[in-house]
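Remarks on the structure that follows.
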Amino acid sequence: MLDELPHSVEAEQALLGALLIDNRVYDRVSDIVGLEHFVDGIHARIWERAVELIECGKRADPVTIKSHFQQDPEIKPGLTIPQYLGRLAVNAVTTINAKDYAEHVRDLAVKRSLVDIGHRLIADGGHPETVTSEVIRDAESSLYQLASKSTYGRGSVPVSTIIDDCLDRANTAYLARIDKKPISVGLPTGFIDIDRKLTLAPGNLVIIAGRPGMGKSALSLNIAKRVAKSGVAVQYDSMEMSSEELGYRMLSEAAELTTQEIKTGDITAEEMTRLAQSRRSLRELPLFIDDAGGLKIGQMQARARRVKRQRGIGLLVIDYLQLMAGGTNNRVADVTEITTGLKAMAKELEIPIIALSQLSRAVETRPDRKPQLSDLRESGSIEQDADIVMFVYREEYYWERENPKPEAGGLGMDDWVEGYNKVAGKAEVIVAKNRHGPTSSIDLQFDGRFTRFDDLAQNTSRETHS
């Protein structure tokens, strides 16, 4: 069976021989080839033992390795493994081509994996009880994993290495702060105070939640646009608004014209010029919009892998998760499957994912309408799986709907105007969960005419240590 699969015993022998005569070869090939890439079991064991010695700072050669194989049976009559080790070293003419040998060994291992995936596809596709969508999803996942890992991962890492890496990054941040340079921690959202309080790191699932009308879609689109403006490719999956509607919103925010004015053409020549200029700046953004609705988590994962592979996206935004389809008749179970899948997808693709979520109506029944984690709709798994949960809250929204009613003991017009002016144009981002730092409350400006959020000139963000 092995003879039918792509392999080269000679390339493996040449690589091992080079390693045995010069352990420095390991530094050049360790990020290319690993234990699982060797087709010959004996070669894999020799590699494993040699690496153990080298990483402990010891010499790996036929003499130091052979004791590990003294009790092994002969490879073939008259040839023990210790004798085979000697042959590998003797036959290694040079170490110059070690990297080429390693790349060849890895390439053949990838081809064997492709053959294995093909065999599984044939077997699953021919089985009468298999679900077609699941077969496709599993195949796409396997292919993505194969395509995305172009180099051999570090695998398990000593804690000393991890601590050194963290301290190096802390020192870099410390020096940058002293020099008053911008500090990049995770993916910047483009909002000063949000970036100070939060880290959108690869693998993070970030939930932006709020009641209808609070502006969660506007905030997520503002973030997507600002991230794209920094040069990072962004995928925005909108299951609520069409791509056309999102286009109008971006033009409105950029040109400071209402969507109604843009749609009806009720603008001046100067405003038309401004609109054209906004169009040019928006066209250059690496921002991609998909308005397909009702996707299941498996379909979402497949599409995300594809855009990650094709466009190298650094951020995925999903508006919103309750509009994703489930596979059961139990909505709580569906949402649990969705949030678990989104978190797994963020880790697999090594990008942050921002998913929008609705809140339950319980918010509206309380005197203080500020949302809480218990208001997350339909499932506690949203809070459990998320690394960060942010609520968008605009008290202005409720004041606009509160009519003065002095005759009923309510607010008079003067009191209403005074109260409204205190909250007009302001929004609050409540960070209710932050796995990597403190919770906080961040004040932003909000202009409803153009659905645009901005930093406050005098920001009054508040922090809560839990």
Side-chain angles (χ1 to χ4, degrees), residues 1-70 72-76 78-117 142-162 164-165 168 350:
M1 181 65 178
L2 177 60
D3 292 338
E4 300 175 6
L5 296 174
H7 71 286
S8 173
V9 173
E10 294 80 7
E12 294 182 6
Q13 290 173 331
L15 175 59
L16 290 173
L19 180 66
L20 293 176
I21 65 173
D22 186 353
N23 289 175
R24 290 175 299 179
V25 164
Y26 180 66
D27 295 333
R28 295 173 9 221
V29 304
S30 60
D31 62 340
I32 299 172
V33 71
L35 182 67
E36 70 275 17
H37 298 125
F38 290 89
V39 72
D40 189 297
I42 296 298
H43 292 166
R45 290 179 59 199
I46 293 172
W47 170 270
E48 183 179 31
R49 181 55 181 160
V51 169
E52 287 176 356
L53 290 170
I54 293 169
E55 291 187 344
C56 289
K58 299 178 180 179
R59 172 73 183 164
D61 59 25
V63 175
T64 58
I65 294 177
K66 70 177 183 181
S67 61
H68 189 71
F69 299 97
Q70 293 286 10
D72 279 67
E74 295 179 334
I75 299 174
K76 60 181 180 180
L79 182 62
T80 64
I81 295 182
Q83 291 172 329
Y84 185 58
L85 287 166
R87 288 191 183 184
L88 290 175
V90 169
N91 292 335
V93 180
T94 178
T95 64
I96 295 175
N97 298 323
K99 187 175 181 181
D100 294 332
Y101 300 146
E103 289 174 346
H104 188 46
V105 168
R106 179 179 176 81
D107 184 60
L108 292 170
V110 171
K111 289 180 178 178
R112 289 194 298 274
S113 296
L114 286 171
V115 171
D116 180 61
I117 293 171
S142 299
L143 287 170
Y144 175 80
Q145 294 290 344
L146 208 56
S148 61
K149 295 181 180 178
S150 58
T151 58
Y152 180 59
R154 292 195 302 174
S156 59
V157 182
V159 69
S160 57
T161 302
I162 297 171
D164 287 346
D165 289 345
D168 287 343
E350 298 182 331

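Note that the coordinates shown come from a computational prediction; the quantities given were computed from them, not determined experimentally. If you read the sequence from its start, that first residue is 1, and numbering goes on from there.
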Closest non-hydrogen atom pair between [X] and [Y], with its separation:
| X | Y | result |
| --- | --- | --- |
| L20 | R59 | O-NH2, 3.3 Å |
| L15 | A102 | CD2-CA, 4.0 Å |
| A11 | H104 | CB-CD2, 3.6 Å |

Original post:
If we only count heavy atoms from C-beta on, is the V115 to K111 side-chain gap below 4.5 Å?
Top reply: no
Original post:
Is there side-chain contact between I42 and F69, with heavy atoms separated by less than 4.5 Å?
Top reply: no
**OP:** Report the relative orientation of the aromatic rings in F38 and H43; use parallel for angles under 30°, tilted for 30 to 60°, perpendicular for over 60°.
**Re:** perpendicular
Distance in Å, [X] [atom1] paired with [Y] [atom2], rounded so as to fall on 0.5 Å steps:
| X | Y | atom1 | atom2 | result |
| --- | --- | --- | --- | --- |
| L88 | L19 | CG | CG | 10.5 Å |
| D107 | D100 | CG | CG | 12.0 Å |
| I65 | L53 | CD1 | CG | 6.0 Å |
| D22 | I96 | CG | CD1 | 11.0 Å |
| K66 | T80 | NZ | OG1 | 9.5 Å |
| W47 | L16 | CH2 | CG | 7.5 Å |

Subject >> Flag for D61-T64: side-chain donor and acceptor within less than 3.5 Å >> reply: yes
Original post:
Taking everything shown except R87 itself, do over 12 heavy atoms lie less than 6.0 Å from its CZ?
Top reply: no
Does [X] reach the main-chain N or O of [Y] with its side chain, forming a donor-acceptor pair under 3.5 Å?
| X | Y | result |
| --- | --- | --- |
| N23 | I54 | no |
| T95 | A98 | no |
| E12 | V39 | yes |

**OP:** Quick one: do R49 and E52 satisfy salt bridge (charged side-chain N to carboxylate O under 4.0 Å, His left out)? Show the steps, please.
**Re:** CA-CA 5 Å; R49 181 55 181 160; E52 287 176 356; 3.1 Å; yes
